[in-house]
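Read the structure below first, then the notes.
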Amino acid sequence: MAADGDINAGTAVDRKLEQLAALAFAAADVLFEVDRAFRIRHVGGGIQKLTGHLPKAVRGLSLFDLLIPADRVYFRRSVEEFDSTGAMNRITVRFLLGKSETSTAILGMSDTPGSPGERLVTATIMDRAFVACPEDDGLLDRDGFISFARRLTPPPGEAPRFSVVMLSLPMLLKTQASRESTLSRAFLAEVQGILRTYSEGGAVTRLNDGAFAYIWREDKKPGVIEQEIASAADSLLASTYSRSLPLDSSLQEQKEIESALDYALTAFAKDASDTFSFENLPECLAAAVHRDRGQASSCRNIIEDDTFFQVLQPIIALKTGAIQHYEVLTRFAEGVARGIANTGEFIKIAEQIGMINTFDLLNCVKTIRLLQKMPPGVRVALNLSGRSVQSPEFADQLMNILDAPDSKVAPSRLLIEITETRGITDFERPTALLQKLFRRGHRICLDDFGAGAMSFEYLRRFPVNYIKIDGEFFRNAMTSGRDRILIRAIARCSFELGCRTVAEMVETDVEAAMARELGIECGQGWLFGKPITTDALLATLSRGRNGAFPSQHAQAEPERRSGSHRASSARVEPEVQQRSRPPVAAAQPAAVRVPERSSVLTGGNT
């Protein structure tokens with residue numbers, strides 16, 4: 001009789017397990033049955049799509065080994081939370097997919113009926129387009145984090161349910177040596193795992209090397225994260241400082257919430273101390289408005305007083321080392337850009353206050369004057385904002401400048417590089433202007449191709465001679481097979497359309513070799529030379545004419561004619577640090593350093 005009872009009990013457990021598995025599969029792609037040590041006993045569903053392996057290849061492996069290293073601590077912490085409370089938030093992690101790819105999935109977990117200590121883990125595979133921009137360490141970028149926080153702001157009349165908490169670890173990261181130590185790196189990985197485990201939706205962003213922001217649910221026990229961090233390391237190393245801002249209904253406009261949050265994160269990252277005195281989002285918004293007014297005033301003064309200057313960086317042919325042309329970048333004299341971090345921010349402000357057209361026209365006049373001083377073989381690319389090329393007034397003024405008797409230069413020497421294309425909403429006017437410039441003899445360049453969803457739409461609509469592959473997109477291809485496939489396809493498509501491709505942010509010989517292997521024809525970056533002042537370039541070219549330096553402009557490969565079309569964003573890149581790079585013999589003119597008077601540097605490494 002007892003045997004029959006055991007059989008009946010076992011049958012009931014099997015039925016319960018089947019029901020649970022069926023329920024799990026209704027909302028998941030893969031089901032893992034794991035033992036106490038998380039070794040995989042059984043697996044069902046799309047395991048090959050998730051990991052690239054067949055079921056029999058993963059049986060007996062630890063589930064942790066299938067995750068990327070940055071997500072293992074996060075998963076372990078989530079398991080510990082499950083052991084402690086019997087519940088686990090659904091977490092987003094990345095699985096190793098082959099040698100260099102990853103796949104993203106949402107994990108859920110439950111106990112296996114009748115088998116204490118064993119668990120069922122479900123994985124729902126996520127399309128990359130729906131993942132909120134995770135960085136390599138699994139944290140969100142600033143925009144993704146702010147967008148997530150904004151969606152948690154309650155409607156009017158409802159009490160806040162969440163807060164944004166900013167936390168710093170000042171003692172651990174006090175010196176460069178501690179940041180690079182094995183202990184420090186391990187502790188930081190543990191901290192990130194703790195933050196992702198307890199933050200709502202795993203939403204965490206890095207503010208700087210020692211500061212983070214995360215989302216905290218108000219009904220949770222306070223101080224949990226600080227206690228977990230303290231128990232993870234020596235109390236001296238784990239000392240923390242944090243400030244909290246409730247996500248309440250005091251601000252309802254989307255832009256106001258985003259502006260206030262962005263200001264708070266920036267201010268905390270700059271000075272995580274008692275001087276950060278903001279207690280709510282309206283206070284942060286008021287400070288942001290005050291800052292923006294000061295920045296707008298500085299931006300207006302820079303344009304009206306003409307207190308900016310130009311530097312140039314070469315674009316070279318990767319096969320021959322011949323300089324194809326130079327890109328004109330903007331720099332500021334020391335002291336004039338108060339409150340403006342870099343020229344990327346300057347352009348953004350100029351667009352907001354309606355002065356980008358004036359700046360672009362003034363920059364055009366400066367560039368023409370520069371070309372008139374240069375030898376006939378030198379060509380330069382002038383950046384024009386996507387906002388400017390949509391303006392009919394700008395188009396008329398630009399053509400008047402180009403046609404003026406005292407502005408005569410060969411159109412083939414002045415390339416037009418379209419930037420900030422995410423702001424393009426009306427294609428008719430930019431297309432008409434670019435077609436007119438193209439017929440006039442100007443070559444058209446599209447910046448940061450691949451950075452936005454509309455890249456191919458710009459390529460389809462606009463006449464194009466050069467396509468510049470977005471620098472981050474290109475560098476990710478060093479470790480991402482998917483990105484390499486996409487870039488190779490872009491290079492082939494560009495070749496078929498008669499366009500040259502340019503890889504941005506090329507810093508090493510390995511990156512240059514990869515660019516050539518992918519079919520990219522040109523390169524730009526510190527490997528070939530940093531931006532130099534116009535006076536320095538003129539002096540170098542003068543030495544070349546006197547025989548001291550071999551001229552390479554005569555070697556530049558002939559341009560293809562193009563009937564293609566596109567543009568992209570980012571006119572001048574973000575602020576850069578000074579580094580020394582071994583100059584390439586064929587690009588020596590660009591090895592001269594920009595003088596120290598340049599207080600605002602821009603542009604990744606290009």
Counting heavy atoms not belonging to [X], are there more than 12 under 6.0 Å from its [atom1]?
X: Glu517; atom1: CD; result: yes
X: Arg293; atom1: CZ; result: no
X: Arg492; atom1: CZ; result: no

[Y] backbone acceptor or donor facing [X] side chain under 3.5 Å:
X: Arg443; Y: Ser412; result: yes
X: Glu504; Y: Lys468; result: no
X: Thr431; Y: Phe427; result: yes
X: Arg413; Y: Pro376; result: yes
X: Glu521; Y: Ala317; result: no
X: Arg379; Y: Gln324; result: yes
X: Gln372; Y: Asp406; result: yes

Side-chain contact, heavy-atom cut-off 4.5 Å: [X] with [Y]?
X: Thr330; Y: Ile347; value: no
X: Glu417; Y: Tyr466; value: no
X: Leu281; Y: Glu256; value: no
X: Met399; Y: Leu433; value: yes
X: Cys299; Y: Met355; value: no
X: Pro411; Y: Leu402; value: no
X: Phe473; Y: Asp483; value: yes
X: Leu139; Y: Thr205; value: no

Measuring from [X]:[atom1] to [Y]:[atom2], what's the distance to the nearest 0.5 Å?
X: Tyr326; Y: Leu415; atom1: OH; atom2: CG; result: 13.5 Å
X: Leu261; Y: Thr153; atom1: CG; atom2: OG1; result: 7.0 Å
X: Asp448; Y: Thr419; atom1: CG; atom2: OG1; result: 8.5 Å
X: Ile215; Y: Arg151; atom1: CD1; atom2: CZ; result: 10.0 Å
X: Arg482; Y: Asn476; atom1: CZ; atom2: CG; result: 12.5 Å
X: Ile303; Y: Ser298; atom1: CD1; atom2: OG; result: 11.0 Å

Heavy-atom pair with the smallest gap, counting every atom of [X] and [Y]:
X: Leu318; Y: Phe528; result: CD2-CZ, 3.7 Å
X: Phe148; Y: Gly201; result: CZ-CA, 4.2 Å
X: Met166; Y: Ala213; result: CG-CB, 4.1 Å
X: Thr501; Y: Gly519; result: OG1-O, 3.9 Å
X: Trp526; Y: Pro531; result: NE1-CD, 4.1 Å
X: Cys522; Y: Arg500; result: SG-CD, 4.2 Å

- Task: Begin from the C-alpha positions of Glu511 and Met505 and carry the test side-chain contact (heavy atoms from CB on, under 4.5 Å) through to its verdict.
- Result: CA-CA 9 Å; Glu511 290 169 347; Met505 298 176 63; over 6 Å; no
- Can you name the salt bridge (charged side-chain N to carboxylate O under 4.0 Å, His left out) partners of Arg440, sequence neighbours left out?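 In terms of salt bridge (charged side-chain N to carboxylate O under 4.0 Å, His left out), with neighbours along the sequence ignored, Arg440 is linked to Asp403.
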- Take Glu258 and Asp262 through the side-chain contact (heavy atoms from CB on, under 4.5 Å) test and state the conclusion after the steps. CA-CA 6 Å; Glu258 292 175 349; Asp262 184 65; over 6 Å; no
- Message: Whether the Asn357 and Ser391 side chains hold a donor-acceptor pair (N or O, under 3.5 Å, no angle test) is what I'd like checked.
- Response: yes
- Task: Say whether Thr533 and Arg331, considering side chains only, have a donor N or O and an acceptor N or O under 3.5 Å apart.
- Result: no
- Item | Salt bridge Glu507-Arg475, side-chain N to carboxylate O under 4.0 Å | yes
- Check step by step if side-chain contact (heavy atoms from CB on, under 4.5 Å) holds for Thr104 and Arg94. CA-CA 4 Å; Thr104 302; Arg94 286 159 298 169; 3.5 Å; yes
- Please lay out, stage by stage, how Leu398 and Leu361 fare under the test side-chain contact (heavy atoms from CB on, under 4.5 Å). CA-CA 7 Å; Leu398 177 64; Leu361 293 170; 4.2 Å; yes
Do any side-chain atoms of residues 305-312 form donor-acceptor pairs under 3.5 angstrom with protein atoms, and if so which ones, sequence neighbours left out?
| from | atom 1 | to | atom 2 | distance (Å) |
| --- | --- | --- | --- | --- |
| Asp306 | OD1 | Lys366 | NZ | 3.1 |
| Gln310 | NE2 | Asn363 | O | 3.4 |
| Gln310 | NE2 | Asn363 | OD1 | 2.8 |
| Gln310 | NE2 | Thr367 | OG1 | 3.0 |

